[in-house]
Asker: 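Let me give you the structure first, and then I'll get to my questions.
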Amino acid sequence: MYVAQPIEWTERGVVMLDQRLLPGEEVSYTYTDYREVAKAIQEMVIRGAPAIGVAAAMGAALGVLHSSAKTVEALRAEFSEICAVLAKTRPTAVDLFWALKRMERRFTELTAENSDLGRIKQKMVEEAQLVHFEKRATDEAIGRFGAEFMPRDGQVMTQCNAGALATGGIGTALGVIRVAFEQGKKFRVLVPETRPYLQGARLTAWELHKGGIPLTLITDNMVGHFMKSGKVGAVVTGADRIAANGDTANKIGTYQISVLAKENNVPFYIAAPVSTFDLSIPDGEHIPIEERSAAEVTHLQGVRIAPDVHAAHPAFDVTPSRYIAAIFTERGVARAPYTESLRALAAESRSAVIAR
Ligand code: MRU
């Protein structure tokens, strides 16, 4: 089945597919400067929490690789500036900070061990590639855990794009859907277009169509109508940040879908890696919500669709954990009470016990 490749480390630099141009054009750019990688994350060339983490890890490695520092001390000072620039790009996706922390940890280990700059550079590149490699395995495990919760037929709703484009693997929510299909399940995917950035219409519809998975594209204001029809067997979405009590930030519009799912007795699931947990915050009230440009609301693909008025653009909202039936991770399935199940999964090693 077709798997999109949003990012790749190559000899020439970091190659990223420009997701702003999909589905019309498939254009890739090669980045050799970490500042350009930061700009690409901010401007949505690459997006989706896990893929942002991969891009940040690769950006950090690029910064080290091309540094002209002559001593470890000089490289250390430069490295903290590199991480600070990358950290300022997207505030909600916790995978970004997870990836930077991981690169910082590796940098500290390497610089404590030796002062051979060539070796430090090479090992940092290897670490970034490992982050990407691990995402693939993570997605496949999430897919296997989640697939059994998908109905045999009928319809499954998602939101935004939590597919290969958003992770660099097979996707989280779309990974669950993909594995369920590979197991022979035959539902149709309901894809809300996800205004204002249209990740559903432009990216999820593109990925599912290319993968041969049947879908129906709907506008965001059709969600309640379809939910009430009784033919939606499950909702599965990705996540940008999951607080200790299970409250989950995801693309704007996810919260209203979860409320409608509750009202209509449809199970609402989250699919996300453990790197998306933020156990340092007790609940969703503490999740920073990115406010993006109002022009993304007043304009569609550069064309003005509203008068020159004030427009709001919170890019994410928070779904309270009481609406979440289960969270699929690579280590197993978390259920309420999430304060306990998330903590247990976070503490587990990779061959984890499953909380069910
Ligand atoms: O603004 P975006 O496109 O980066 O938002 C993406 C989402 O909200 C995804 O659902 C989330 O990051 C999970 S991606 C596996």
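Worth knowing before you read on, the calculation uses all heavy atoms, side chains too, and leaves out hydrogens, waters and symmetry mates. Predicted, not measured: the structure shown is a model, and the values here were computed from it.
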Asker: Under the salt bridge (Lys or Arg N to Asp or Glu O under 4.0 Å) rule, collect the residues that match up with Arg241, sequence neighbours excluded.
Answerer: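 Arg241 satisfies salt bridge (Lys or Arg N to Asp or Glu O under 4.0 Å) with Asp278 only.
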Asker: Cluster question for you: counting only ILVMFWY and a side-chain heavy-atom cut-off of under 4.5 Å, with indirect links fine, are Met227 and Ile324 together?
Answerer: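 Same hydrophobic cluster.
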Asker: Where is the tightest heavy-atom contact between Ala61 and Ala128, given as atom of each residue plus distance?
Answerer: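 Closest approach of Ala61 to Ala128: CB-CB, 3.8 Å.
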Asker: Shortest non-hydrogen contact from Ala234 to Tyr269?
Answerer: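 Smallest interatomic distance, heavy atoms only, reads CB-CE1, 4.0 Å.
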Asker: Would Thr329 and Phe277 satisfy side-chain contact (heavy atoms from CB on, under 4.5 Å), going step by step from the backbone distance to the final call?
Answerer: CA-CA 10 Å; Thr329 78; Phe277 294 3; 3.7 Å; yes
Asker: Please, which pairs that meet ring pair (Phe, Tyr, Trp, His ring centres under 6.0 Å) have at least one residue in residues 233-268, sequence neighbours excluded?
Answerer: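 Every pair satisfying ring pair (Phe, Tyr, Trp, His ring centres under 6.0 Å) with a residue in residues 233-268: there are none.
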Asker: Would you please test Glu104 and Lys101 for salt bridge (charged side-chain N to carboxylate O under 4.0 Å, His left out) and show each step?
Answerer: CA-CA 5 Å; Glu104 275 164 1; Lys101 265 194 215 117; over 6 Å; no
Asker: I'd like to check Gln183 versus Arg152 (side-chain heavy atoms, cut-off strictly below 4.5 Å). Are they in contact?
Answerer: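 Not touching, per the 4.5 Å side-chain cut-off.
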Asker: For the residue pair Thr71 and Leu117, what are the closest heavy atoms and their distance?
Answerer: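 Closest pair (atom of Thr71, atom of Leu117, distance): N-CD1, 4.0 Å.
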Asker: Does the Lys70 side chain pair with the main chain of Ser68, one donor and one acceptor, at a distance under 3.5 Å?
Answerer: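 Yes: the side chain of Lys70 pairs with the backbone of Ser68.
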Asker: I'd like to know if Arg106 pairs up with Glu127 as an ion pair, taking the criterion as any Lys NZ or Arg NE/NH1/NH2 lying under 4.0 Å from an Asp or Glu carboxylate oxygen.
Answerer: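 Result for this pair is yes, salt bridge flagged.
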Asker: Does any non-hydrogen side-chain atom of Leu174 lie less than 4.5 Å from one of Leu208?
Answerer: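 In short, these two side chains touch, coming nearer than 4.5 Å.
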Asker: Considering only residues two or more places apart or on different chains, which pairs with a residue in residues 293-318 satisfy ring pair (Phe, Tyr, Trp, His ring centres under 6.0 Å)?
Answerer: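 Counting only pairs at least two positions apart or across chains, no ring pair (Phe, Tyr, Trp, His ring centres under 6.0 Å) contact touches residues 293-318.
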Asker: Are side-chain heavy atoms of Glu78 and Glu73 found at a separation under 4.5 Å?
Answerer: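 No. Closest side-chain heavy atoms not under 4.5 Å.
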Asker: Looking only at side-chain N and O atoms, does Thr219 offer a donor or acceptor that is under 3.5 Å from a partner on Glu193?
Answerer: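 Absent: no donor and acceptor within the cut-off.
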Asker: Using the side chain to side chain donor-acceptor pair (under 3.5 Å) definition, which of the options Asn161, Thr194, Thr158 pairs with Thr204?
Answerer: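 The single option meeting the side chain to side chain donor-acceptor pair (under 3.5 Å) with Thr204 is Asn161.
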Asker: Per the salt bridge (Lys or Arg N to Asp or Glu O under 4.0 Å) rule, what does the pair list look like for residues 3-32, sequence neighbours excluded?
Answerer: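 Non-adjacent pairs meeting salt bridge (Lys or Arg N to Asp or Glu O under 4.0 Å): Asp18-Arg20, Arg20-Glu43, Glu26-Lys210.
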Asker: Measuring from atom CD1 of Ile287 to atom CD1 of Ile242, what distance do you get when rounded to the nearest 0.5 angstrom?
Answerer: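 Reported value, rounded in 0.5 Å steps: 8.5 Å.
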Asker: Under 4.5 Å between any side-chain heavy atoms of Val131 and Arg102, yes or no?
Answerer: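 Side chain of Val131 against side chain of Arg102, heavy atoms only: contact under 4.5 Å found.
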Asker: Test of understanding: clusters of I, L, V, M, F, W, Y form through side-chain heavy atoms closer than 4.5 Å, transitively. Do Ile327 and Tyr323 belong to the same one?
Answerer: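 No, separate clusters.
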Asker: With no hydrogens and no angle check, just 3.5 Å: does a side-chain donor-acceptor pair link Asp247 and Asn245?
Answerer: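 Result is yes, a qualifying pair exists.
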Asker: Is there side-chain contact between Asp317 and Lys251, with heavy atoms separated by less than 4.5 Å?
Answerer: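 They are not in contact (no side-chain heavy atoms under 4.5 Å apart), so the answer is no.
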Asker: Test of understanding: with ring pair (Phe, Tyr, Trp, His ring centres under 6.0 Å), list the residues that count as partners of Phe181, not counting sequence neighbours.
Answerer: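 Phe181 satisfies ring pair (Phe, Tyr, Trp, His ring centres under 6.0 Å) with Phe187 once adjacent residues are dropped.
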Asker: Mind running side-chain contact (heavy atoms from CB on, under 4.5 Å) on Ile7 and Val15 for me, showing each step along the way?
Answerer: CA-CA 6 Å; Ile7 185 163; Val15 177; over 6 Å; no
Asker: Nearest 0.5 Å, what's the OG1-CZ distance between Thr298 and Arg304?
Answerer: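 Nearest 0.5 Å value for the OG1-CZ distance: 5.0 Å.
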Asker: When clusters are formed from ILVMFWY side-chain contacts under 4.5 Å, directly or step by step, what else is grouped with Val3?
Answerer: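 In the cluster with Val3 are Ile170, Val179.
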Asker: State, yes or no, whether a side-chain contact exists between Val94 and Ser275 at a heavy-atom distance under 4.5 Å.
Answerer: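 Contact flag for Val94/Ser275 side chains = no.
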Asker: Per the salt bridge (Lys or Arg N to Asp or Glu O under 4.0 Å) rule, what does the pair list look like for residues 86-98, sequence neighbours excluded?
Answerer: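 Listed by first then second residue: Arg90-Glu290, Asp95-Lys135.
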Asker: May I ask you to test the Gln19-Pro6 pair for a side-chain heavy-atom distance under 4.5 Å?
Answerer: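 Yes, their side chains come closer than 4.5 Å.
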Asker: In the hydrophobic clustering (ILVMFWY, side-chain contacts below 4.5 Å, transitive), which residues join Leu203, or is it alone?
Answerer: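 Direct or chained contacts put Leu203 with Tyr2, Leu17, Leu22, Leu165, Trp206.
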Asker: Going by the ring pair (Phe, Tyr, Trp, His ring centres under 6.0 Å) test, which pairs reach into residues 12-32, not counting sequence neighbours?
Answerer: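 Residue pairs with at least one partner in residues 12-32: there are none.
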Asker: With side-chain contact (heavy atoms from CB on, under 4.5 Å) as the test, would you mind laying out the steps for Ile218 and Val191 before giving the verdict?
Answerer: CA-CA 6 Å; Ile218 60 174; Val191 181; over 6 Å; no
Asker: Report the residues that fulfil ring pair (Phe, Tyr, Trp, His ring centres under 6.0 Å) with Tyr197, sequence neighbours left out, ordered by chain and then residue number.
Answerer: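 Partners of Tyr197 by the ring pair (Phe, Tyr, Trp, His ring centres under 6.0 Å) criterion come out as none, since no residue qualifies.
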Asker: Would you kindly say whether Arg335 and Ser341 are connected by a side-chain donor-acceptor distance under 3.5 Å?
Answerer: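 Side chains of Arg335 and Ser341: no pair found under 3.5 Å.
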Asker: Could you tell me which non-hydrogen atom of Ala346 sits nearest to which non-hydrogen atom of Arg331, and how far apart they are?
Answerer: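 Reported closest heavy-atom pair: O-NH1, 3.2 Å.
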Asker: Would you confirm whether Arg292, through its side chain, and Ala315, through its main-chain N or O, come within 3.5 Å as a donor-acceptor pair?
Answerer: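 Flag not set: sc Arg292 to bb Ala315 has no pair under 3.5 Å.
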Asker: Can you list every pair that meets ring pair (Phe, Tyr, Trp, His ring centres under 6.0 Å) and has a residue in residues 75-109, with sequence neighbours left out?
Answerer: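 Ring pair (Phe, Tyr, Trp, His ring centres under 6.0 Å) check on residues 75-109 returns Phe79-Phe107.
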Asker: Any chance you could lay out the side-chain contact (heavy atoms from CB on, under 4.5 Å) test for Lys185 and Asp153, step after step, and finish with the verdict?
Answerer: CA-CA 6 Å; Lys185 293 190 171 174; Asp153 47 29; over 6 Å; no
Asker: Answer yes if the side chains of Asp240 and Thr92 hold a donor-acceptor pair under 3.5 Å, and no otherwise.
Answerer: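 No pair is found: no donor N or O on one side chain lies under 3.5 Å from an acceptor on the other.
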Asker: Ignoring hydrogens, what is the shortest heavy-atom contact between Ala173 and Gly238? Give both atom names and the distance.
Answerer: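 Here Ala173 and Gly238 meet closest at CB-N, 3.9 Å.
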Asker: Output the distance between atom OG1 (Thr89) and atom CD1 (Ile41), rounded to the nearest 0.5 Å.
Answerer: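 If I round to the nearest 0.5 Å, the distance is 4.5 Å.
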Asker: Which heavy atom of Ala272 sits nearest a heavy atom of Glu330, and at what distance?
Answerer: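 Answer, listing the atom of Ala272 first, then Glu330: O-OE1, 4.2 Å.
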Asker: Nearest 0.5 Å, please: how far is CD1 in Ile270 from OG1 in Thr254?
Answerer: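 With rounding to 0.5 Å, OG1 (Thr254) is 7.0 Å from CD1 (Ile270).
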Asker: If hydrophobic clusters are built from ILVMFWY residues whose side chains come within less than 4.5 Å, do Ile213 and Val236 share one?
Answerer: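 Yes: a chain of side-chain contacts under 4.5 Å links Ile213 to Val236.
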Asker: Quick one: do Ile281 and Leu279 end up in the same hydrophobic cluster if we chain Ile, Leu, Val, Met, Phe, Trp and Tyr together by side-chain heavy atoms under 4.5 Å apart?
Answerer: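 As far as the 4.5 Å side-chain criterion goes, Leu279 and Ile281 are not connected within one cluster.
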Asker: Apart from Val303 itself, what residues make up its hydrophobic cluster, given side-chain heavy atom links below 4.5 Å?
Answerer: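 Under the 4.5 Å side-chain rule, Val303 groups with nothing.
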Asker: Determine yes or no for a side-chain-to-main-chain donor-acceptor pair under 3.5 angstrom, with Lys262 supplying the side chain and Pro267 the backbone.
Answerer: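 Side chain of Lys262 to backbone of Pro267: no pair is present.
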Asker: Cluster question for you: counting only ILVMFWY and a side-chain heavy-atom cut-off of under 4.5 Å, with indirect links fine, are Ile252 and Met157 together?
Answerer: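 Per the 4.5 Å side-chain linkage, Ile252 and Met157 are not co-clustered.
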Asker: Kindly compute the distance separating CZ (Arg35) from CG (Leu62), expressed to the nearest 0.5 Å.
Answerer: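 One finds 11.0 Å between CZ of Arg35 and CG of Leu62.
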Asker: Between Val318 and Ile289, is any pair of side-chain heavy atoms under 4.5 Å apart?
Answerer: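 Sidechains of Ile289 and Val318: in contact.
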Asker: Quick check against the 3.5 Å criterion: does Ser229 have a side-chain atom that pairs as donor or acceptor with the backbone of Phe226?
Answerer: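 Side chain of Ser229 to backbone of Phe226: a pair is present.
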Asker: Which value, rounded to the nearest 0.5 Å, describes the distance between His132 atom NE2 and Arg136 atom CZ?
Answerer: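 Here the rounded value is 4.0 Å.
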Asker: Is it the case that atom NZ in Lys231 sees more than 12 heavy atoms from other parts of the structure closer than 6.0 Å?
Answerer: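 At most 12 heavy atoms, drawn from other residues, nucleotides or ligands, come within 6.0 Å of this atom.
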